[in-house]
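Inspection log for the structure reproduced underneath, given as structure tokens.
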Amino acid sequence: MEKNIVRTRYAPSPTGFMHIGNLRTALYEYLISKSLGGKFILRIEDTDKCRYVEGAQDVIYSTLKKVGLIHDEGPDIGGDFGPYIQSQRKDIYLKYAMKLIEEGKAYYCFCDKERLENLKKSEDSLEYGGYDRHCRGLDKSFVDSMLKSNKPYVIRQKMPIDGSTKFIDEVYGEITVENKELQDQILIKADGFPTYNFANVVDDYLMGITHIVRGCEYLSSTPKYNLLYEAFGWKIPKYIHLPLIMGKNEDGSLSKLSKRHGSVSFEDLVNDGYLPQAIVNYIAMLGWCPNDNREIFSLEDLIKNFSIDRINKSPSVFDYDKLSWFNQEYIKAKSDDDLLQLFTPYIKKSISSSNIDYLKIVKTIRNRVTKLSEIPDMIDFIQLLPEYKIDLFINKKSKTNLENSLFVLKKVKERLLKLDIWNHESIHDLLIDMAKEMKLKNGTLMWPVRIAVSGKLVTPGGAVEILDILGKDESINRIDFGINKLENEGDR
RNA sequence: GGCCCGGUGGUCAAACGGUUAAGACAUCGCCCUUUCACGGCGGUAACACGGGUUCGAUUCCCGUCCGGGUCACCA
């Protein structure tokens, strides 16, 4: 192994979806290692067989790939410290647990669930952090006989009874926890699998992880980890705890971001029409900021600028408005061609006619889209003129009413009919000229036309863009329809 | 409840003993305009509270309050 190289790891459990908080942790792990020229390792923590989810690992791989967090070692690509899936490392943990038993630092515990339950209910369960250390002093011959008769057991670590454990966190500083708060933690579960805490420590050590980056919900349990490192005589890595990402509850209170806060997985957000890069950029700014006012960062820029000492301590609230703003910025930065690619599937949801030029649509909506999912509703009128009320024609600012709208529409129809070249420029010039000729405000002429061809009060793009997209025949038809509508319904 | 962490506008977030306390999002107003947007300009809005330390505290210390996290054979 290369000396002194920074190694961070992302160690998700395969739950089947990528929680945004986890993604943020992965991002920071990646940034810390890459900004320091280190390696980023992926390890799957699947020690809870009850939670096994089919295909969950693929979600992890595909998400990391989509956002560009490329790992240097992992289950799919191997590495010198594999296997990288904990269920395939089961024997390793047992071996290390046994070592602790031999050294008198851990012990077999035969307490069953029922006893533990009762213990929790009792008053003095607060002592020793919840477990009364019933099996800590068991007679060796008794243990042997229990083992021989195949009694189920767990292996627990002996925690110090008094004193305190302190450690330095790179963002929170020195933290001290009284040892009596810590119960004799379980290392190996009755099913033979290691607990998360134990597997985590063993693997981090074996895989040479130098910086442990995780959410600060682990802050108060970190001493447990350290006591394990100490029991083995291993060097304690650097700790970097990240401030939590919070979600706003319906009653206005805050809590750790979770499903009840809406779309909180990466997939949800992508399905909602947010771009992966925008998501990454946004979550990077949740808990970290550069020393200037910059907000837009590519992953490469983040690597260049990231520094641990600018990680924030206080929790932050996930804000969809701000995410939308980032998303818009990323959309605006793209070329028309890129957007055509990106928008096409969403355009197709509303438009089936084959004679519509998608690129024209892209050009007119590109500055109005905040998330891709709103595209279909934005342009549905292009496919089919919706029903509308004639008072849409009345607009104070544009100085339009039913009468002049009808008049304008008739005139415009006449002239449009004679227009041979149908494109944005020719339509634009014609209408502007007409307004001048008729001594009307541009708006007075444009408004009725836009309403007639869209049937909507608010549209992406104005009359000219819509006429251009619709084409001559359809445009004339819709204007005709508007004329009839005004003539039939206008008097009343 | 014990323990741990946090507390700058509605949200994100600068400042690291002396500033008229930045900026961004949101919001409001105006301008631009062919609706809505985009863009431009401007406004409202914050150092949780009380004690210290100091010539001077948003900044350092203590307490209070508030918020969150954690106390599993889940990770």
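As a basis for the values below, the full set of heavy atoms in this structure was taken, side chains included, without hydrogen atoms, waters or symmetry mates. Proteins come first, then strands; the chains are lettered A, B, ... in the order of their sequence lines, and each starts at number 1.
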When the [atom1] atoms of [N] and [M] are considered, how many whole Å apart are they?
N     : M     : atom1 : answer
B:C30 : B:A37 : P     : 13 Å
B:C41 : B:G68 : P     : 39 Å
B:A15 : B:C38 : C1'   : 33 Å
B:A72 : B:A13 : C1'   : 37 Å
B:C49 : B:C71 : P     : 33 Å
B:C12 : B:C4  : C1'   : 25 Å
B:C32 : B:G69 : C1'   : 50 Å
B:G9  : B:A24 : C1'   : 13 Å

Please report the distance, rounded to the nearest Å, between [atom1] in [X] and [atom2] in [N].
X        : N     : atom1 : atom2 : result
A:Asp319 : B:C25 : CG    : P     : 12 Å
A:Phe17  : B:A75 : CZ    : P     : 16 Å
A:Lys180 : B:C4  : NZ    : P     : 10 Å
A:Lys397 : B:A37 : NZ    : P     : 10 Å
A:Asp309 : B:A15 : CG    : P     : 10 Å
A:Ile311 : B:A14 : CD1   : P     : 12 Å
A:Lys189 : B:C73 : NZ    : P     : 10 Å
A:Met246 : B:A13 : CE    : P     : 12 Å

Item to complete: Could you tell me whether A:Lys238 atom NZ has more than 12 heavy atoms of other residues or ligands within 6.0 Å of it?
Response: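 Incorrect, the count does not exceed 12.
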
Worksheet item: For atom NZ of A:Lys472, is the number of surrounding heavy atoms from other residues, nucleotides or ligands below 6.0 Å larger than 12?
Response: yes

Is the Lys NZ or Arg CZ of [X] less than 6.0 Å from the centre of [Y]'s six-membered ring, within 45° of the axis?
X        : Y        : value
A:Lys485 : A:Tyr388 : yes
A:Arg310 : A:Phe306 : no
A:Arg214 : A:Tyr225 : yes

Any base atoms under 4.0 Å from [X], or only sugar-phosphate, or nothing? Heavy atoms, all strands.
X        : answer
A:Tyr218 : base
A:Val154 : base
A:Ser324 : nothing
A:Ser221 : nothing
A:Thr47  : sugar-phosphate
A:Lys332 : sugar-phosphate
A:Asn291 : nothing
A:Gly287 : sugar-phosphate
A:Asn293 : base
A:His241 : nothing

Side chain of [X] (C-beta onward), nearest among [options]:
X        : options             : result
A:Ala463 : B:G69, B:C12, B:U34 : B:U34
A:Val177 : B:C3, B:U70, B:C38  : B:C3
A:Thr195 : B:C73, B:C25, B:A24 : B:C73
A:Val464 : B:G2, B:C73, B:U34  : B:U34

Is [Y] paired with [X] through a side-chain N to carboxylate O contact shorter than 4.0 Å?
X        : Y        : result
A:Asp380 : A:Lys456 : yes
A:Asp203 : A:Arg9   : no
A:Lys113 : A:Glu117 : no

Item to complete: Map every base of RNA chain B to its dot-bracket character, where paired means a Watson-Crick or G-U wobble contact with both distances under 3.5 Å and | marks a partner outside the strand.
Response: (((((((..(((.....[....))).(((((.......)))))....(((((..]....))))))))))))....

Verify the contact: side-chain N or O of [X] to OP1 or OP2 of [N], cut-off strictly under 4.0 Å; return yes or no.
X        : N     : answer
A:Arg310 : B:A15 : yes
A:Asn312 : B:A14 : yes
A:Lys256 : B:U70 : yes

Worksheet item: Is there a donor-acceptor contact under 3.5 Å from the side chain of A:His19 to the main chain of A:Leu257?
Response: yes

Establish whether the base of [N] is bridged to the side chain of [X] by a donor-acceptor pair shorter than 3.5 Å.
X        : N     : result
A:Tyr196 : B:A72 : no
A:Arg450 : B:U34 : no
A:Lys322 : B:A26 : no

Discussion item. Looking only at the aromatic ring of each residue, does the gap between the centers of A:Phe318 and A:Tyr282 stay below 6.0 angstrom?
Written reply: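 Under 6.0 Å, so yes.
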
Worksheet entry | Of A:Ile188 and A:Leu457, the one whose closest RNA chain B nucleotide lies more 5' | A:Leu457

Worksheet entry | Closest-nucleotide ordering on RNA chain B, the 5'-leading residue of A:Gly462 and A:Lys313 | A:Lys313

Worksheet item: Side chains of A:Thr222 and A:Ile212: does their closest heavy-atom pair fall under 4.5 Å?
Response: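 The answer is no; the side chains never approach within 4.5 Å.
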
